[in-house]
Number of protein chains: 2
Amino acid sequence: MTSVEPNSLVRGAGVALWRQIEQAVEAEIAERRLAAGERLPTEHALADRFGVNRHTVRQALASLEERGLVRVEQGRGTFVHDDPVDYAVRKRTRFSETIRRQNREPNSRLVRAESRPAEAAIARPLGLRKGDTVILLETVGEADGRPISIASHYFPAARVPDLIAAYRAEQSITRALARCGVPDYTRKSTRVTARLPTAEDARALRLPRSRPVLVAENLNIDQEGRPIEISIARLAAERVQLVFEP
Amino acid sequence: MTSVEPNSLVRGAGVALWRQIEQAVEAEIAERRLAAGERLPTEHALADRFGVNRHTVRQALASLEERGLVRVEQGRGTFVHDDPVDYAVRKRTRFSETIRRQNREPNSRLVRAESRPAEAAIARPLGLRKGDTVILLETVGEADGRPISIASHYFPAARVPDLIAAYRAEQSITRALARCGVPDYTRKSTRVTARLPTAEDARALRLPRSRPVLVAENLNIDQEGRPIEISIARLAAERVQLVFEP
DNA sequence: ACGTATTTGTTCGTATGTATC
DNA sequence: GGATACATACGAACAAATACG
């Protein structure tokens, strides 16, 4: 199964047992003998294998988790951290394109589509007044079947009144906007922060409530420089890295 | 003290009590009668004032927290959310400058300075080999006395051997690099993710372990395009917004 | 280092009104 | 009408984090 032997531990040699265990597991991960996403043996099994108490194993795993190499899930087990997806943020960032560039299979599905009055925080950057009608499209983005992001896209209804129908026909925001008379749009600014997920975020991302999400608020403008979209994406932080290259 | 009256609630009028409480508190915040950062009355006191059960108050506060208007801290109280600092990420981003532009008083202090062999994750982007010597400067950045970031800055020791002494003399990375023969440097790329803070991060940022930090990994290059610095900044997510404008 | 008081967090249980099938 | 699900509201008790002397 694995090549870590009980006798690889040295007792009473100045290096704590749990640090030796930590290094042994770390080496297995570095050498890809434990693949990304793979489940480690149970704490009990590791304790047996190394001939130590389970507490000693737990200390090693806690340190590995703190350093971000593994992820411990109560009741399920301990897993090697998956490789995060790089999400490149450029002037023209399209979800499916950036995922495909990393040899992963993108998928996007609509979870909400409606018209509604805009809150102040949405209206202002769009150049509207609070209460003006905006169209909200909410989409969940996946890479290789793993949910990566849930994004709320807001558009001024006056500019693109038929956007919902267009989206249903095209299954793509870029193409739906084109059909509504907005052939191109680019990113004006991005604001990034992080928080713990709401119940809805956690459900859509299949993420424990205790694991943070990145929140990326994006303002997109059309060719004439007019605001055309605000998108607020919540990204599972442990599965994504936002990459900015000027 | 405050002007919210018990009789401001209407029972059995189609609007849930907790929503009425939510709106009352929201109005106080909007009108600045509750200032940013200020502590709200205790749940017990609010329950008394509105003449409802504590659960009902808690539901209102939970909704306000979900929407980002307040921040609840176990054992301490509920606080109006402070205005987050905008941290602009540009080609030439200097901490003190971006903070000062928002009429806040920046402060930076050194918490660690040492030479050490580079780990693989540091060495590779710097164009070094694992084990080559790097200089590590660790700084805590504050705005108006509130800790915002703890950042680990790695430099190739071969390029700037006297950096630690230079930093002690100059108290600024930009000026210390200039003194070591690097008159200018710019940002090549930034990678952003988020996680829960380590014990050390939490202590330096005076942040509960349960609140996420943004992790911004920055690669800086000199005028000739050679890598000169990797900085890994952990930012208290609830106090900062990273702003990218191309 | 320790106990105490304060404050939020969690989990029981109970009851009521409303909407839906 | 009956059955069911759901959101709302209240009460009591205890757990956990924090502040303070």
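Naming convention: chains lettered A, B, ... in sequence-line order (proteins, then strands); numbering from 1 in each chain. Computed from heavy atoms alone, side chains included, the values below leave out hydrogens, waters and symmetry copies.
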Check the side chains of R234(B) and S152(B) for a donor-acceptor pair under 3.5 angstrom, ignoring hydrogens and angles. yes
Quick one: which protein N/O atoms are closer than 3.5 Å to N/O atoms of nucleotides 3-5 of chain C? Pair and distance per line, please.
none

Under the rule of Watson-Crick or G-U wobble with both distances under 3.5 Å, where | means paired to another strand and [ ] a crossing pair, DNA chain C maps to .||||||||||||||||||||
F79(B) atom CZ is separated from dT6(C) atom C1', nearest whole Å, by 12 Å
Separation of R19(B) atom CZ from dA7(D) atom P, in whole Å? 11 Å
With a 4.5 Å limit on heavy-atom distance, are the side chains of F244(B) and V89(A) in contact? no
Partners meeting salt bridge (charged side-chain N to carboxylate O under 4.0 Å, His left out) with D82(B) (sequence neighbours left out): R71(B), R146(B)
Nucleotide N/O of nucleotides 10-14 of chain D paired with protein N/O under 3.5 Å:
from    : atom 1 : to     : atom 2 : distance (Å)
dC10(D) : OP1    : R11(B) : NH2    : 2.4
dC10(D) : OP2    : N53(B) : N      : 2.9
dC10(D) : OP2    : T56(B) : OG1    : 2.6
dG11(D) : O6     : H55(B) : NE2    : 2.8
dA12(D) : N6     : H55(B) : NE2    : 3.0

Can you see whether E22(B) engages S63(B) through a side-chain donor-acceptor pair at a distance of less than 3.5 angstrom? yes
Taking CZ from R39(B) and P from dT8(C), how many angstroms apart are they, rounded to a whole number? 6 Å
Quick check: do T78(A) and R39(A) have side-chain heavy atoms less than 4.5 Å from each other? no
Looking only at side chains, do R94(B) and S172(B) share a donor and an acceptor under 3.5 Å apart? no
To the nearest angstrom, the CG-C1' distance between L46(B) and dA9(D) comes to 17 Å
T78(B) side chain N/O closer than 4.0 Å to the phosphate oxygens (OP1, OP2) of dT8(C)? yes
Can you name the nearest heavy-atom pair linking E142(B) to P147(B), along with the distance? CG-CA, 3.8 Å
Is it the case that T193(A) and Q241(B) place a side-chain donor and acceptor less than 3.5 Å from each other? no
Evaluation steps, side-chain contact (heavy atoms from CB on, under 4.5 Å), between I135(B) and Y154(B): CA-CA 6 Å; I135(B) 290 173; Y154(B) 296 90; over 6 Å; no
Nearest heavy-atom pair of K130(A) and E119(A): which atoms, and what distance? CG-C, 4.3 Å
side-chain contact (heavy atoms from CB on, under 4.5 Å) evaluation trace for L196(A) with V213(A): CA-CA 6 Å; L196(A) 294 180; V213(A) 291; over 6 Å; no
Per-nucleotide protein contact along nucleotides 15-21 of chain D, 5' to 3', at a 4.0 Å heavy-atom cut-off (B base, S sugar-phosphate only, - neither), is -BBSS--
Between atom CG in L61(B) and atom P in dT10(C), what is the gap in whole Å? 14 Å
So, is Q59(B) near the phosphate of dA9(D), with a side-chain N or O under 4.0 Å from OP1 or OP2? no
Test ring pair (Phe, Tyr, Trp, His ring centres under 6.0 Å) applied to F95(A) - qualifying residues, sequence neighbours left out: none
Please check this pair: side chain of T98(B) against backbone of A88(B), looking for a donor-acceptor N/O pair closer than 3.5 Å. yes
